[in-house]
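When reading the values below, keep in mind they use all heavy atoms of this one structure, side chains included, and skip hydrogens, waters and symmetry mates. Each ligand, and each atom within it, is numbered from 1 in the order the structure gives.
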Amino acid sequence: VRLEVLGSAGAAPLQGACASYVVRGGGATLLLDCGPGTLERLWRRRLLGELDAIVISHMHADHVLDLVMLSGEIVQALAGGGRTPLHVPASNGPEVLARLDAAFKREPDAPSRFTRAFDVREYTATDTLRVGEMSLSFAPTAHPPPCLAARVSDGARVLVYGADGSPSAAVEELAHEADVLVLEATLLDDARVAAEHGHMTAIQAGEVATRAGATRLLLTHTLAGVEEQELLERAGRTFAGPLAIARAGYELEF
Ligand SMILES: [Zn+2]
Ligand SMILES: [Zn+2]
């Protein structure tokens with residue numbers, strides 16, 4: 001399995017693209033989340049038109065906004081117009097897509113830009129998806145609205161992407177003995193503020209990784225103005241394994 005981080009900024013693309021991760025394995029290429037800045041990275045990395053599926057963890061702007069640009073006619077022509085499967089959380093996913101579509105429509109009764117560009121499919125925490133030889137299973141996270149963490153495996157190796165959310169038993173279980181665990185570290189160490197916003201701290205990310213028995217931890221969804229060294233130091237207090245920041249351009253084969 002090969003992971004490439006296209007973007008990892010939390011909340012807003014102040015220091016590069018927001019949530020966007022390319023996972024290759026089992027003969028397929030998967031995009032996890034499509035935050036602002038994703039499209040430019042896909043283009044520069046020659047990945048536009050190369051995706052076998054897109055899976056969206058939840059419908060917050062920092063995880064979905066570039067779906068608007070990616071579904072545009074000119075971009076779709078460049079991408080080859082293959083109607084890539086787009087998996088969104090059931091109910092809330094199509095609702096948000098419909099509202100985004102309505103905001104940018106030229107003709108009121110034109111078909112949705114998203115259904116024209118993508119094969120839109122809904123999924124829930126109990127579904128299993130297959131993309132090539134990769135299988136994906138999910139768990140709900142402690143974050144509003146429906147937000148799903150993903151466990152991606154090619155049969156040999158396991159990557160778990162925790163999406164957004166405070167620590168939870170469900171995500172910990174999903175991450176059991178993951179080779180690579182990607183967890184948000186939106187805050188350094190203020191667990192009270194993190195809980196109020198449905199996020200976790202770097203210290204908590206280390207705790208979750210340790211309890212899950214993960215081999216390697218990548219911290220993501222970091223906020224502008226927070227020092228990377230401080231994030232690593234906090235997570236290192238609670239996790240003894242290899243630790244890194246999932247900044248844009250980070251690649252790992254495992
Ligand atoms: Zn987010
Ligand atoms: Zn969110």
Inset, instruction - For the pair Tyr161 and Thr220, evaluate side chain to side chain donor-acceptor pair (under 3.5 Å) and give the outcome as yes or no after the intermediate values. - result: CA-CA 10 Å; Tyr161 169 48; Thr220 193; over 6 Å; no
Inset, instruction - Flag the pair Arg234 and Glu230 as a salt bridge only when some basic side-chain nitrogen lies within less than 4.0 angstrom of an acidic carboxylate oxygen. - result: yes
Inset, instruction - Apply ring pair (Phe, Tyr, Trp, His ring centres under 6.0 Å) to Phe118 and list each qualifying residue two or more places apart in sequence or on a separate chain. - result: none
Inset, instruction - May I ask you to check whether His221 and His199 place their ring centres under 6.0 Å from each other? - result: yes
Inset, instruction - Show all protein N/O/S atoms under 2.8 Å from the Zn ion (ligand 2), or state that there are none. - result: His58 NE2, His60 ND1, His143 NE2, Asp164 OD2
Legend entry - All pairs passing salt bridge (charged side-chain N to carboxylate O under 4.0 Å, His left out) where residues 129-156 contributes a residue, at least two apart: Arg130-Glu133
Legend entry - Pair listing, salt bridge (charged side-chain N to carboxylate O under 4.0 Å, His left out) test, anchored in residues 82-104, at least two apart: Asp101-Lys105
